[in-house]
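The sequence lines fix the lettering, A, B, ..., with proteins before strands; numbering per chain opens at 1.
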Amino acid sequence: MSQNTPMPERVDQIVASYQARSTALIMVLQEVQQEYSYLPPEALQRISERMDLALSQIYGVATFYKAFSLEPRGKHLVSVCTGTACHVRNSQSILERLERDLHVERGQTSTDREVTLETVNCVGACALGPVVLIDGKHYGHLTVGEVEKLVEVIRQCPCSVQH
Amino acid sequence: MPKVNITVDGRPIEVEEGSYVLQAAEALGIDIPTLCFFKYVKPYAACRICVVEARDKRGRTRMVTACNYPASEGIEILTRTPRVMAARRLNLEMLMSRCASMPVLTALAGKLGIDQPRWGTGTDTCILCGLCVRVCDEIVGAQALGFASRGIDRFVTTPFEVDSDACILCGACAALCPTGHIRMEEAGGRDVVHSEITLGPNAAIAVPFRQAVPNAPRIDPDFCVHFRTGGCKVCAAVCPKECISHDDVERFEDLEVGTVVLATGYQDFDPTPMKQYGYGRLPNVITSMEFERMNNAAGSTGGKILMENGKEPGAIAILHCIGSRDQNAHPYCSRVCCMYALKFAHLVKEKTSAEVYQLYIDLRAFGKGYEEFFHRILEEGVNVIRGKGAEIVRGGKEYPEGTLLVRCEDTLAAKFREIPVDMVVLCTALEANHDAKDVARRFGISVGADGWFIERHPKLGPVSTTTDGVFLAGVCQSPKDIPDAVAQGSGAAAQAMSLMIRGEVEMDGAYAVIDDEVCSGCRLCNDLCPYSAIGFDETKKTSSVNPALCKACGTCAAGCPSGAIRALHFADEQIYAEIEGILS
Amino acid sequence: MSFEPNLVGFLCNWCSYTGADLAGTARVKYPPNLKVIRVMCSGRVDPNFILDALARGADGVLVCGCHPGDCHYVEGNYKCQRRLPITRMLVGEMGIDPRRVRLEWVSASEGVRFGEVVSEFTEEIRSLGPLALQEWAFDPAAADAQLAHQGGEHA
Amino acid sequence: MRPIASPKELNDLRGRLRAAHDPNHTWVQLCAGTGCLACGCEPVADAFRQKIRGEGLEEIVHLKLTGCHGFCERGPLAVIQPQGVFYQRITPDDVESIVDQTIKHGKVVTKLLYRDPATKTRIEKAEDIPFYKKQVRLVLRSNGHIDPKSIEDYIAFGGYSGLAKALTTMEPERIVDEIKRSRLRGRGGGGFPTGVKWETCRKSKEEPKYVICNADEGDPGAFMDRSVLEGNPHSVIEGMIIGAYAIGSHEGYVYVRHEYPLAVKHLNIALGQARELGLLGPNILGTGFAFDIGVSRGGGAFVCGESTALMASLEGKVGEPRAKYVHTVEHGLWDKPSNLNNVETWANVPLILEHGADWFASIGTEGSKGTKVFALTGKICNTGLVEVPMGITLREILHEIGGGVPGKKKFKAVQTGGPSGGTLIVETRDAKIMHSMEEAGEIAPGDAVTSLLDLPVDFDELTKAGSMMGSGGMIVMDQDSCMVDVARYFIHFLIEESCGKCLPCREGLRKLHEILERITKGGGTPEDIQTLQEISDTLIDTSLCQLGGSAPNPVLSTLRYFRDEYDAHIRDKRCPAGVCKDLVGYAITADCVGDAKCAKVCPTEAITGGPRNLQVIDQSKCIQCDACYQVCTFNAIVRVKRDRAAEVQVAARQAWKPVKERTQAEARA
């Protein structure tokens, strides 16, 4: 759907595509998250009206699931896999080094809105452990030393947020 | 639902299949501690404090939560095994390590035998029991609250942690919150006590006051949550006799009756317009009805005479004839004030050590034993001043804070006086109900200039009216005290009964008759009749006389421009014949 | 012998008729000229009755009722109080002296006053002299005859 | 594509498809599962396409992107058919030689063949490679062979014949019987007999009934369900249709994990194709049976793997579990009867229908029938997807199939079943472990100890030994993993994933983590062990759902087998595996050759020493970031007790000699 349709109409289109069934709430939120990389408050208000659901229930769902974020995400999304397989291959040291170099805590977005660093429990590429995703692209067999190189890749990676 | 037999701590009980084990234990008087259970919302089983051991027929035991474990045939419930107690204690200690030490937790700790929680206490005041969320959702139906986030960050909030416009300020969450984490507060930030909330959860259904007649609870639609959100109806669910229905609506009913006794009473004169007395402006200036209410044991002060600040007054002034015998208000004397004023004086003397000042114009103690009562009051040391209270002002700096000065002219001592008192009781006039005129017109009786209904005859017919079958009782006919009102009431009832007993109305032969052919429907006669005996038939467009009400005075016959009305026994031709006879 | 006025009186049953009765029992002296018609209430007195009485040779008509507020039928006398002045105006316009029609409030206990009223009214009518409307009363039969007679001339 | 109106039409179509398969054409079956995509199979595929177009071989050489072959360690990999040659670790440059030599002339490119580290010989065929030899691939049989995005491939490979047989020749009750006789048990980890579950759901009176596929697969390190959905979605769809017909349901849902976008894509394509062919929707195979499946993506919550939380999530609500006193087969989704099974369980159903219950029951052990797919990860040579018959021992899986622990490191433990419910399987005959078990009161001194590694993979056997089958994630750990840290990691994982509804789980996990964290930081006290035990018992007893109920398992099993490590942390403030940062100090030993690689990566320039000289770590600057330890190829950096680090470096200084002066033996040591 084109980017320029104003947000309220866009949300209505998404809700309508699910016939405003209240059970499709999570899917609707996922499409809004996909579109705007976060869930704007006005969108939740709109969904509450259109799907006749209490705003408190929607807010509960929006804050429960890790796939949703109420704050806008950074231009680049860096996901460090902290699944067990990667953990035993010391993904913890890579995560801590990324936090140091990118000056952003896990689960947060950098103040300059450039980078969002998040942890994910297993992306299913355990052979490559420890693995880091930058805007959806996998980087495997990492050691703490290579984190510096990784930070460069993040800086000049052209693609905007898509994951 | 089929019944099943289970045992709780070895004691057998028969319960409905699928009903929760907690209720069975309660029925047996066995106490199972709970934290997140509330009878009228669905069990949530989040606190796990109510865990018990359940042993099924095959002897397998497992730990289950009593609040939502369904009873099935033959299960044995053990509520106090070591394993159960250990689990409850540790769970509570873990909760206390996060939450501040609050009565609900320390009480439960005491019950479970924890004197010192292993990890001490924390700071949070929310124990995440979810009672608020569930009551707002299942009972109130406003769904203003909800859980947000998950795991150890889970907390209760309104969306986006800002004031929610779904909240209807009913205070149910605050009332139910076991720890006081949720408080009700005015926009200005002042804490609000539940009883003050207009929509307070103090039950929108209650007996209005102790002696209310009928002495039955009634629902106040302005405060009932159901009428705000369509939810709740807990009262209906709880009432064993199911006599609560929320869809009753006010409706008018037409009663076919032959006799009516009007006993519509009076209303209190509002002294506010009389600025000189400062009612509503000065503190502790109250009307006699308010003073009477204060003295009532079921009243707000439990019968004690107290000022607004809760202390006992040192001196009280009782001002007679406020709004009565007053050209600017009601010229008539309200008859009852003198005697209740004396009663007030007696009450003050009996209950407090306050000085009492009675300011009267003429003390009318006319009834049996009244005069003797007046003398007894004098002996009790009541200061009686013959002079109407003219004005009440605040005491100056020289008087203690809150003193009121009663300015009046003591006509016996021929002096102007300014009496410092702490409280002033205004004996306000009895005035006719604001809708007296409408009621009168509806019942075809007339109202005097002072608003009281007019009786058939001031001396000979005080309980009946010019309209047959309509009787008067009580103050609506004129101010009177209780003995007189009772007497009049009995009289009215007796006369009404006399009509009702006979079952039919005895009419004498004479009454007026309207000839439809001649009547032009000008309706001139309709207002002529003082007994509103002449009605108008919309379909035939002619007037007609109700013989039962017609007194045969003939006024209508004389007034009818087309001569359509014949007054039987005094018909026109009869009178003409008389004239012809005496002049021939 | 002086002119004896022929008076008609309409007395309301509850006050003036009882008052007249009291005057009688109290042996109150008053002229007998008044011939009385009892009506239940002064409100019953139809102005036509007064005109008919005058037309039939009454020299004066007296209407008596209860004092205002005392009426047994609450408002009957108020109605009479409104009708009588209009009747007197009507009578006046017909060339009859309005004083020949009088309205008085006599309560049941005012026997003496009733006597005075009748006496005073009789004297007043006596001073006005006979009304004797018959002379110039309209006789339809004569009028027809005269008309027929005149018709002949005009025809 | 016209909808198929009868089983006969389906067979005709299968016949036509098989006939169209020209035996002398060549197929390059390139693995395109998420694992291989991650290690770069896209460029390899492009290279193949260009090469085939360049050589004008489009007619006779076909590139087929298949699902996961299983051998992720060796990705990107491909099998050239019909020759059956297995090439691994293919780079775009190798494509040139593969096409020219193997495809054109049938010659093998030895460089790309798998070299067996033990025998050092090159192996041509996949089935001869040890990784595959011991496997019995039923659920994954067509994973490497068919294109997941083409229903024709699936049908050509025998797909939907089980469905046709079930719908047209069997009554629903008989299908339930068939599943019961096959003694198939739930692959989600619980091992509940599937037949019994179907029967209860079928018998419950309420309508409508739902059929649900749990593809949440929250356990980190487990990707079996993902590979099945990505590689062979139709097998799951067919299983669900059969299940729905047997139970009497007309509405099904697949609840897929948020982190599996590729699986959702392939599943939706497959559903579309199935509907187009009339194998799904209002009138399946012309039999009048109506059934359709909706795909619902999870929101990123591990707790939604639990059945009632999954159903809450399907209903669009917060994933909060509810008490299972009333089973979901009677009151599940929207309070209606719902039959929930795992992806692998559904994938087994068509096989049972096609080949019959007796065939299925012939595989596996007395208590556990059929095969089980495991995801072998962690410190293992052959990371990948392994499908083995029940009854095989863990030792065979780890060593013969998995190729043992890489890099001369000693095997320590393998964890199955993921964070909630997972327990450790260890070499119980190891002296230290036996001592720890004695201390924990598990065994009396001198008792015979059942070796867990030699236990057959079987629901009942493992549970009897205090371990558990689990969902299939199998994470191997070596000496470099600190067991206290592993316990802390699992508890931390569960704190983030707990729904927070019930008190024991929410507050208990917080407490457990506090204690374990304190121990890893050297603040542990002897009573902590007792407290950990008590809290674990309470969680197991009173938690509302299995997330909390089985959360203590990792703690309890690490306590049971590695009590000595806990004592080391508590008493000696020492982390034997050198993982717990606060207790560890980094020191450079005399083996240092002075290549200063460590100095380059050190973020705080704590390492000095100059080129070809003994490097030294300045303990005050070192932040224990582990960069130097990971980069040093000569194992010259050791992780010792914090206060001993300086001592080690002093000893190193005396013993250190420049490389040139070292004798041959010393250099090699």
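- Distance check: B:Ile579 CD1 to C:Phe10 CZ gives 4.0 Å after rounding to the nearest 0.5 Å.
- More than 12 heavy atoms of other shown residues, nucleotides or ligands fall within 6.0 angstrom of atom CZ in C:Arg102.
- With rounding to the nearest 0.5 angstrom, the CD1 atom of C:Ile37 is 4.0 Å from the CD1 atom of B:Ile582.
- Within a 6.0 Å radius of CZ in C:Arg27, other residues, nucleotides and ligands contribute 12 heavy atoms or fewer.
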For this session: Under the side chain to side chain contact (heavy atoms under 4.5 Å, CB included) rule, what do B:Ile575 and C:Arg38 come out as? Steps first, then yes or no, please.
Result: CA-CA 9 Å; B:Ile575 294 188; C:Arg38 184 175 68 92; over 6 Å; no
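- Crowding of C:Tyr17 atom OH: a count of heavy atoms from other residues, nucleotides or ligands under 6.0 Å not exceeding 12.
- Remark: B:Glu517 CD is loosely packed, at most 12 non-hydrogen atoms of other residues, nucleotides or ligands lying under 6.0 Å away.
- We find the CG-CZ distance between C:Asp46 and B:Phe570 to be 15.0 Å, quoted to the nearest 0.5 Å.
- B:Lys540 NZ: 12 or fewer foreign heavy atoms inside a 6.0 Å radius.
- For B:Leu528, the parts lying under 4.5 angstrom from a heavy atom of chain C are both the backbone and the side chain.
- Here the straight-line distance linking atom CG of B:Leu583 with atom NZ of C:Lys35 works out to 7.0 Å at 0.5 Å rounding.
- Looking at every heavy atom in both residues, C:Tyr73 comes nearest to B:Tyr531 through CA-OH, 3.1 Å.
- Contact count against chain C (heavy-atom pairs under 4.5 Å) is highest for B:Lys551 among B:Arg456, B:His569, B:Lys551.
- Here the SG atom belonging to B:Cys556 is positioned 11.0 Å from the NZ atom belonging to C:Lys79, to the nearest 0.5 angstrom.
- For B:Ala552, the part lying near chain C is the backbone, with the side chain staying farther off; criterion is any non-hydrogen pair under 4.5 Å.
- Atom CZ of B:Phe269 has more than 12 heavy atoms from other residues, nucleotides or ligands within 6.0 Å.
- Nearest heavy atoms, C:Arg44 versus B:Ala558: O-CB, 3.5 Å.
- Side-chain contact between C:Arg83 and B:Thr555 is present, with at least one heavy-atom pair separated by less than 4.5 Å.
- When all heavy atoms of B:Cys553 and C:Met40 are compared, the pair lying nearest together is O-CB, 4.3 Å.
- When each of C:Asn48, C:Asn6, C:Val39 is scored by its heavy-atom pairs under 4.5 Å with chain B, the top score falls to C:Asn48.
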